[in-house]
Number of protein chains: 2
Amino acid sequence: MPSIQLDLKVPKSLSAAVEERIRDAIVNAELAFGQALPEDGVGLAMGVSRTPMREALTRLQAQGLVVIVPKKGTFVFDPSPDDVDQLAAFRLMLESEAVRLSLAVAPEAALAGLRAAHAAMEQARRAGDGRAYARADTVFHASFLGQCGNGYLAKAYESIAWQVAALRAHLSVPRLHEQDTSFSEHAAMIGHFAAGEAEALLAILSRHILRSAAVYREAIRVRAG
Amino acid sequence: MPSIQLDLKVPKSLSAAVEERIRDAIVNAELAFGQALPEDGVGLAMGVSRTPMREALTRLQAQGLVVIVPKKGTFVFDPSPDDVDQLAAFRLMLESEAVRLSLAVAPEAALAGLRAAHAAMEQARRAGDGRAYARADTVFHASFLGQCGNGYLAKAYESIAWQVAALRAHLSVPRLHEQDTSFSEHAAMIGHFAAGEAEALLAILSRHILRSAAVYREAIRVRAG
DNA sequence: CGATCGTACCTTGGATACAACAGATGTGCC
DNA sequence: GGCACATCTGTTGTATCCAAGGTACGATCG
């Protein structure tokens, strides 16, 4: 066994690179909801052919980020107000279970992840970097999942986390007031987690998730008219 | 609008047909766990080329039924005892929530589905058709999901239901005693559902799922040595 | 005899060419 | 002016070809 570890940058496959790029574009709101993604459009712009592009789109469809309509085209997913509610409900369900599990299985590791993410949130808040704050927010919630010990649960969460991130990027109105509320709620969650107070934590989590869902729902409803 | 319904067999895409065929082969135990699935092997046997085969395999990977190892090949998924436990736990979590939701949202529709499935189970049991019984069993549990009103929850369940079905086909030892227990448990669940007794139903469901998980886990452990 | 290197084969990864289908657009007729 | 039809374009669906990586086996050298 080699004693040193040189993490050689393995050139990931083109399809993986394309998938990642498009996903970033969606969750960073570079692409609008419902926007068409012809196979030879984005692909050629990146210098790749249709084959990896197709694979990337297929995988993105499995993640719910794009919708492929046979013989018509591929489009960025376009959630209805109802979708937002259902997504939030499902997210809350997964995350609640992850909280209970991680609390039972690996509370120290999860707590470390929460604190690190919260520190990153604080730094981003001081710097006024909304995007970094959002990223840290994502990491915070992913901490529960990473330590819950159930790979299927974690995978299911991943498959919707991107959609949640996209909603946040597209629909959030960055008000500092909101961010303050969010920040203190996260702090409270850490406190309850450290104390092993699952129910109190879940109450905050539920409020937290359902409140943002209401905001997104309203934003979509208004936009759609 | 045509007044008659001739369910004209829409020529689904080749990739969809291949996907379905391979999935059937896996959940019907025609293919062993870990078996290699070279792109030009199964494909050519069905007379299709590698491209639709690749798409089918990509989607099957998203469903957890196959594992694609870059530059090595594609293989039927091969769950470890731990995987079985986690899968069962996740399934129980999804299905419990679906029970609560369907009970709250559309109890009549769900109940109709349950009764229909249970009737099919009884018929299959009388006929001694184990495969038909298993299919009806799958339909029974899917009834909760179909009426829960949350598409994300239903989709997540679908994505693991195939794996559960595959476990059942590969590892079940068809003992009539087991089937009797299963049958009466399902009847009890219908009774509790009709009476709106969620907790009693969930207790049976939990026993039901965890018991079969223990069987599968043991079967895998023994097989692996 | 064993370890290591080279090579051949098998696999997937990607590109391109062709075919088929859906929708839009324009045109002619009524 | 409106409707029906043909065409035309843009898109996906499929097949085939070439390239590159990984594995296993055998040869070769110590």
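Proteins come first, then strands; the chains are lettered A, B, ... in the order of their sequence lines, and each starts at number 1.
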Novice: Any salt bridge (Lys or Arg N to Asp or Glu O under 4.0 Å) pairs touching residues 86-96 of chain B, not counting sequence neighbours?
Specialist: Arg91(B)-Glu95(B)

Novice: Using whole Å, report how far CE of Met53(A) lies from P of dT11(D).
Specialist: 11 Å

Novice: Can you pull the side chain to side chain donor-acceptor pair (under 3.5 Å) pairs that have at least one residue in residues 65-76 of chain A, sequence neighbours excluded?
Specialist: none

Novice: Taking CD1 from Ile68(B) and C1' from dG14(C), how many angstroms apart are they, rounded to a whole number?
Specialist: 15 Å

Novice: Could you tell me which residues satisfy side-chain contact (heavy atoms from CB on, under 4.5 Å) with Glu19(B), sequence neighbours excluded, listed by chain and number?
Specialist: Arg23(B), Ala56(B), Arg59(B), Leu60(B), Gln63(B)

Novice: Tell me: CD of Glu55(B) to C1' of dA15(D), nearest whole Å?
Specialist: 13 Å

Novice: Are any of the side-chain nitrogens in Glu218(A) or Arg221(A) under 4.0 Å away from the carboxylate oxygens of its partner?
Specialist: yes

Novice: Using the 3.5 Å cut-off, write out each protein N or O paired with an N or O of nucleotides 6-8 of chain C and the distance between them.
Specialist:
none

Novice: According to the salt bridge (Lys or Arg N to Asp or Glu O under 4.0 Å) rule, which pairs have a member within residues 137-154 of chain A, sequence neighbours left out?
Specialist: Asp137(A)-Arg168(A)

Novice: Using atom CG of Asp40(A) as one end and atom P of dT16(C) as the other, report the distance to the nearest whole Å.
Specialist: 12 Å

Novice: Looking at Ser13(A), does any N or O in its side chain come under 4.0 Å of the phosphate oxygens OP1/OP2 on dT12(C)?
Specialist: no

Novice: Round to the nearest Å and state the distance from Met46(A) atom CE to dA15(C) atom P.
Specialist: 11 Å

Novice: The side chain of Glu39(A) is closest to which nucleotide in this list: dG13(C), dG14(C), dG13(D)?
Specialist: dG13(D)

Novice: Filter on ring-ring contact (aromatic ring centres under 6.0 Å, His included), then keep only pairs touching residues 14-36 of chain B, sequence neighbours left out; what's left?
Specialist: Phe33(B)-Phe77(B), Phe33(B)-His170(B)

Novice: Taking ring-ring contact (aromatic ring centres under 6.0 Å, His included) as the cut-off, I'd like each qualifying pair that reaches into residues 46-68 of chain A, sequence neighbours left out, listed once.
Specialist: none

Novice: Can you run down the salt bridge (Lys or Arg N to Asp or Glu O under 4.0 Å) pairs that involve residues 103-115 of chain B, sequence neighbours left out, and say none if there aren't any?
Specialist: none

Novice: Examine distances only and state if a side-chain atom of Glu39(A) and a backbone atom of Arg50(A) form a donor-acceptor pair shorter than 3.5 Å.
Specialist: no

Novice: Would you give a per-nucleotide map of nucleotides 16-25 of chain D, 5' to 3', where B means the base has a protein non-hydrogen atom under 4.0 Å away, S means only the sugar-phosphate does, and - means neither?
Specialist: BB---SSS--

Novice: For Glu19(A) and dG13(C), give me the distance from atom CD to atom P, rounded to whole Å.
Specialist: 13 Å

Novice: Round to the nearest Å and state the distance from Arg54(A) atom CZ to dG13(D) atom P.
Specialist: 5 Å

